[in-house]
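Convention: sequence-line order gives letters A, B, ...; per-chain numbering from 1.
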Amino acid sequence: MEILTNRVKALRTEQGLSQEKLAQLTGVTRQTIISLEKGSYIPSLLLAMHLSQVLGTPINEIFSIKGDSL
Amino acid sequence: MKKTIILCTGNVILFILFGLAFLYPAQQVQQLHPGISAGVGPMPILLLGYLIVFPVVYHLLAKKYHWGKHRGTELSALDEREQQVVAQATKAAYQVLIGGILAVIAALGGLRFFALFTDMQLDLYHWAVALLCALLAAATVVYAAVWGKAYLK
């Protein structure tokens, strides 16, 4: 089974951003950032691109697939 | 989260009061010759009072917590994740309603059928109002439960 993991929490902490601030910058709620960091929510491509922009990191370096590949 | 809980709780109370108001609309019903004398029961008055008070209370809470107009109902969503949460909760409530309506129809039919073979005085109106209001309340509780579970995931 494939699982999408992300480095949002690590990148956000590196940049000294709070969850609230990241939520504001990406146009979502803080609860969405919390779920995203827990790995229980898979974002849309649009939100992933917003995160990539705000965190200054390419999408493929934020998100990765773990488990059986295609 | 608060908004959905308050709205769902408000809706459950509304459905209960609505049911009671239509189950017991009048009091002191007397047969006169000719005609009938009756007064409005306390339940419709309570329902009317609630219909006035709840929107005011909700408006004050909305101001306090800055919910705003676009967040006005329990079906509103602030972002893509909340849209998914609302969709899950709505689907669950829909399933309860559809299944429940079929169950209510079956129960009313069953009661009517049962009444044919017994001396039971069947009041289909009362049963229908009570069951439908209970179903609406149940669907709202399911909506709130699924919404809360998905929201906190």
State whether the side chain of T118(B) and the backbone N or O of F114(B) hold a donor-acceptor pair below 3.5 Å, judged by distance alone.
yes
Judged by atom type as modelled, is there a donor-acceptor pair below 3.5 Å linking the side chain of T57(A) to the main-chain atoms of I62(A)?
no
Donor-acceptor pair, distance only, cut-off 3.5 Å: does the side chain of Q19(A) make one with the backbone of I34(A)?
no
CA sep, side-chain torsions, deciding dist, call: L152(B), M1(B), side-chain contact (heavy atoms from CB on, under 4.5 Å)
CA-CA 9 Å; L152(B) 295 172; M1(B) 181 97 186; 3.9 Å; yes
Any luck finding a side-chain donor-acceptor pair between Q88(B) and Y143(B) under 3.5 Å?
no
Below 4.5 Å, heavy-atom pairs only: which of S40(A), G27(A), S35(A), P43(A) has the largest tally toward chain B?
S35(A)
Note: E82(B) and Y151(B) closest approach over all heavy atoms is OE2-CE1, 3.6 Å
Residue-level contacts of residues 122-142 of chain B with chain A, using a heavy-atom cutoff under 4.5 Å:
none
